[in-house]
Number of protein chains: 2
Amino acid sequence: MKKSNSHYHHGHLAESLLDAVDEIATQFGIEAVTLRGCAKRIGVSPASAFRHYADKRSLLTVFATRALNQLADSMEASMLKAQESGEDALQAVCMAYVHFALTKPAFFRAMWREEMIYSGDPDYLAATQRLAGYLQEGFLKTIADEDPCDFSPQELLAWSTVHGLACLFVDGPVAQEKSTEERMGLAKTVLTQLTPVFTQQRS
Amino acid sequence: MKKSNSHYHHGHLAESLLDAVDEIATQFGIEAVTLRGCAKRIGVSPASAFRHYADKRSLLTVFATRALNQLADSMEASMLKAQESGEDALQAVCMAYVHFALTKPAFFRAMWREEMIYSGDPDYLAATQRLAGYLQEGFLKTIADEDPCDFSPQELLAWSTVHGLACLFVDGPVAQEKSTEERMGLAKTVLTQLTPVFTQQRS
DNA sequence: GTTCATATGTTAACACTGTTAACTTACAAT
DNA sequence: ATTGTAAGTTAACAGTGTTAACATATGAAC
């Protein structure tokens with residue numbers, strides 16, 4: 001955090017650019033994010049971004065990865081809290097997923113826009129796997145050392161339902177006029193229906 | 001279908017532009033669709049599109065609406081076929097949903113990219129409601145004349161699951177290396193788990 | 001059939017985008 | 001102190017959506 005008075009070298013440009021993407025995406029949506037806009041917001045020349053990111057898509061990939069880890073953090077916290085108080089951990093994790101999508105829609109979109117990012121990037125893939133890991137907790141692992149990209153039908157059902165719900169809320173025509181609280185309640189009702197399917201084989 | 005030899009007036013530019021979007025999106029993805037590219041493919045000047053569409057977003061809105069109706073057509077056909085042969089109609093409709101996403105990923109994406117279209121457009125909204133209608137068939141309607149945007153928990157569970165599955169296949173890290181057939185099989189396994197939830201209250 | 005309003009196309013320009021090449025500055029190791 | 005390198009700048013490029021001003025073909029009224 002050392003500050004030069006010359007201001008020629010910014011010093012934290014890579015991270016500052018991510019913050020700029022954050023702010024612009026939050027205010028105007030992920031489609032409005034522009035390299036030149038980010039640079040201008042930081043007070044730096046348009047071309048400077050290319051010293052730190054190969055292209056715009058790389059920047060958005062890192063941003064998406066960052067957003068995935070933020071979501072995973074939030075899911076982890078919810079899980080731990082639920083485990084302490086003896087609540088349904090899977091339910092808590094799912095609700096955290098939906099809550100993130102509702103409160104940070106631009107971030108949630110950025111995570112899954114396949115054509116805007118390099119979805120084969122190792123860090124990105126690792127972040128998606130970390131996220132999926134919290135949804136897999138609470139399920140019996142039948143096979144050890146399995147491919148982390150391979151999901152049991154129960155796990156995939158859980159992820160599909162919560163992901164679909166989040167997507168329909170964010171980009172779809174479902175409950176558009178409703179408040180965040182109302183939609184969270186609706187999500188709870190929907191997810192509760194799944195408990196009979198899971199309670200049979202829960203660990 | 002009358003053809004002028006002067007070639008000054010194209011005649012079917014509005015529809016031809018939609019076809020161009022179709023072809024470019026299929027080949028290179030929805031992000032690669034460009035007004036100038038569409039115009040060039042048709043052999044028309046870049047500015048001509050604006051006589052038929054207010055802006056690019058309007059064109060993509062009509063394209064998304066068209067794609068939604070194609071999906072709804074496919075779902076309707078699957079439903080009728082299943083009803084004739086006595087199969088599970090809801091299952092058939094869900095499988096048609098996933099199949100469309102897998103075979104026409106660019107179209108499926110275009111339907112739900114909120115920032116690329118005018119999602120408040122009446123025709124677009126009508127198409128989404130038509131689509132949702134096929135998922136609602138087979139469920140008991142408890143309240144008559146209800147808002148078509150309002151879904152029962154069961155209906156929303158069905159839509160969320162199938163939509164999430166489709167999205168995770170198309171944009172997510174799930175089963176990326178698997179073939180379409182394998183993924184359809186996986187989808188069936190996931191969706192079958194929902195039958196106990198629905199059979200209680202099916203009509 | 002000629003006239004003419006209108007729908008539908010063209011051309012040329014605008015500001016803005018991502019990206020690159022050539023250049024400049026500051027820092028850090030010798 | 002010198003100097004190599006990391007990190008910034010400027011100026012240009014082609015490509016984008018969009019608009020204004022202009023051109024042409026169509027079809028209805030006379």
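In this text, all values refer to a predicted model and were calculated from it rather than measured experimentally.
Rounded to whole angstrom, the span from the NZ atom of B/Lys40 across to the C1' atom of D/dG15 amounts to 10 Å. Spacing between atom CZ of A/Arg51 and atom C1' of C/dC23 amounts to 10 Å, rounded to whole angstrom units. Rounded to an integer number of Å, the gap from B/Phe28 CZ to D/dT16 P is 13 Å. D/dG8 atom P lies 11 Å from atom OH of A/Tyr53, rounded to whole Å. Regarding B/Leu60, its CG atom lies at a distance of 14 Å from the P atom of D/dT16, rounded to whole Å.
Interatomic distance, A/Leu17 CG to A/Arg41 CZ, rounded to the nearest 0.5 Å: 12.0 Å. Between atom CE of residue B/Met184 and atom CE of residue B/Met95 there is a gap of 3.5 Å, rounded to the nearest 0.5 Å.
For B/Asp19 and B/Arg66, the salt-bridge test passes: some basic side-chain N is under 4.0 Å from an acidic carboxylate O.
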Checklist line | Chi angles and distances behind the side-chain contact (heavy atoms from CB on, under 4.5 Å) call for A/Arg113, B/Arg109 | finding: CA-CA 9 Å; A/Arg113 296 279 126 120; B/Arg109 284 196 191 102; over 6 Å; no

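With a 4.5 Å cut-off on side-chain heavy atoms, B/Val33 and B/Phe63 do not count as touching. Looking only at side-chain heavy atoms (C-beta outward), B/Val170 and A/Glu114 stay at 4.5 Å or farther from each other.
Between A/Phe108 and A/His163, the ring planes are tilted. Angles from 30° to 60° get that label.
The stretch residues 110-120 of chain B has no heavy atom under 4.0 Å from DNA chain C, so no residue of it qualifies as close.
Listed here is the closest heavy atom pair of A/Leu131 and A/Leu71: CD1-CD2, 3.5 Å.
Under 4.0 angstrom from either OP1 or OP2 of C/dG9 there lies at least one side-chain N or O belonging to B/His52.
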Please list each protein N or O that sits under 3.5 Å from an N or O in nucleotides 11-18 of chain C, with the distance.
unit_1, atom_1, unit_2, atom_2, d
C/dT17, O3', A/Thr34, OG1, 3.2
C/dG18, OP1, A/Leu35, N, 2.9
C/dG18, OP1, A/Lys56, NZ, 3.4
C/dG18, OP2, A/Leu35, N, 3.1
C/dG18, OP2, A/Arg36, N, 3.2
C/dG18, N7, A/Arg36, NH1, 2.5
C/dG18, O6, A/Arg36, NH1, 2.9

